[in-house]
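Here is the structure we will look at, set down as structure tokens.
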Amino acid sequence: QAPKGFPPLLRLSSKLSNTAMKLTTSILAVASVAVVSIFSAQGLATQDSPVGKALQLISDLQAKIIKEGEGAQKVYAEFTEWCEERSKNVGFEIKTGKSQVAELK
């Protein structure tokens, strides 16, 4: 979540992008499992058949996307934390600067 000093749209954008990433990963996982289940039940998913090879590629791609998503989520969390910390520091610097200006007057 973006700090309070950020415009409401940026705070909302931060929440939505996190939710969207999780939702996309979940949908892909469910769709992949459904496709594999359907073809496995029909006996079409042998490793030697073209369908089996395609399903294996989809399964490999699913694992790769999930791994990349987890990495992206970690980077996003670190960036969000940095932004929040930076916002607090800038707010403190502004407050300190204003008090110094008041003292000089």
Side-chain angles (χ1 to χ4, degrees):
Q1 180 175 344
K4 290 182 180 179
F6 279 62
L9 185 58
L10 288 178
R11 286 185 294 210
L12 179 62
S13 173
S14 172
K15 290 178 186 177
L16 290 177
S17 61
N18 190 17
T19 303
M21 187 182 305
K22 289 179 182 178
L23 181 62
T24 302
T25 303
S26 299
I27 289 172
L28 179 61
V30 169
S32 297
V33 169
V35 168
V36 170
S37 298
I38 290 169
F39 283 109
S40 294
Q42 294 178 359
L44 298 173
T46 63
Q47 288 293 328
D48 298 333
S49 74
V51 173
K53 290 178 184 178
L55 290 175
Q56 183 61 45
L57 288 172
I58 291 171
S59 178
D60 293 345
L61 182 60
Q62 175 189 6
K64 180 181 176 184
I65 289 171
I66 290 172
K67 183 178 177 183
E68 288 176 358
E70 290 169 351
Q73 182 63 36
K74 181 179 177 186
V75 169
Y76 177 78
E78 291 172 358
F79 179 69
T80 301
E81 183 179 335
W82 177 84
C83 287
E84 290 174 0
E85 186 66 30
R86 181 69 183 134
S87 177
K88 289 176 188 175
N89 289 339
V90 168
F92 178 73
E93 290 171 7
I94 290 171
K95 187 175 181 179
T96 302
K98 285 182 179 181
S99 66
Q100 289 174 345
V101 166
E103 287 176 12
L104 294 173
K105 288 183 178 181

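Values in this document were obtained by computation on a predicted structure and should not be read as measured data. In what follows, residues are counted from 1 in the order of the sequence shown.
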Distance from Glu81 atom CD to Tyr76 atom OH, nearest 0.5 Å?
13.0 Å
Close side-chain approach of Lys74 to Glu78, heavy-atom, < 4.5 Å:
yes
Under a single-linkage rule joining Ile, Leu, Val, Met, Phe, Trp and Tyr whose side-chain heavy atoms are separated by less than 4.5 Å, which residues share a cluster with Leu57?
none
Without swapping roles, check the side chain of Ser59 against the backbone of Leu55 for a donor-acceptor pair under 3.5 Å.
no
Taking atom CG of Leu61 and atom CD of Glu68, what is their separation to the nearest 0.5 Å?
8.5 Å
Show me the side-chain donor-acceptor pairs of residues 96-104 shorter than 3.5 Å, one per line, residues at least two apart or across chains.
unit_1	atom_1	unit_2	atom_2	d
Thr96	OG1	Phe92	O	2.9
Ser99	OG	Thr96	O	2.7

Using the test side chain to side chain donor-acceptor pair (under 3.5 Å), find all partners of Asp60 that sit at least two apart in sequence or belong to another chain.
Gln56
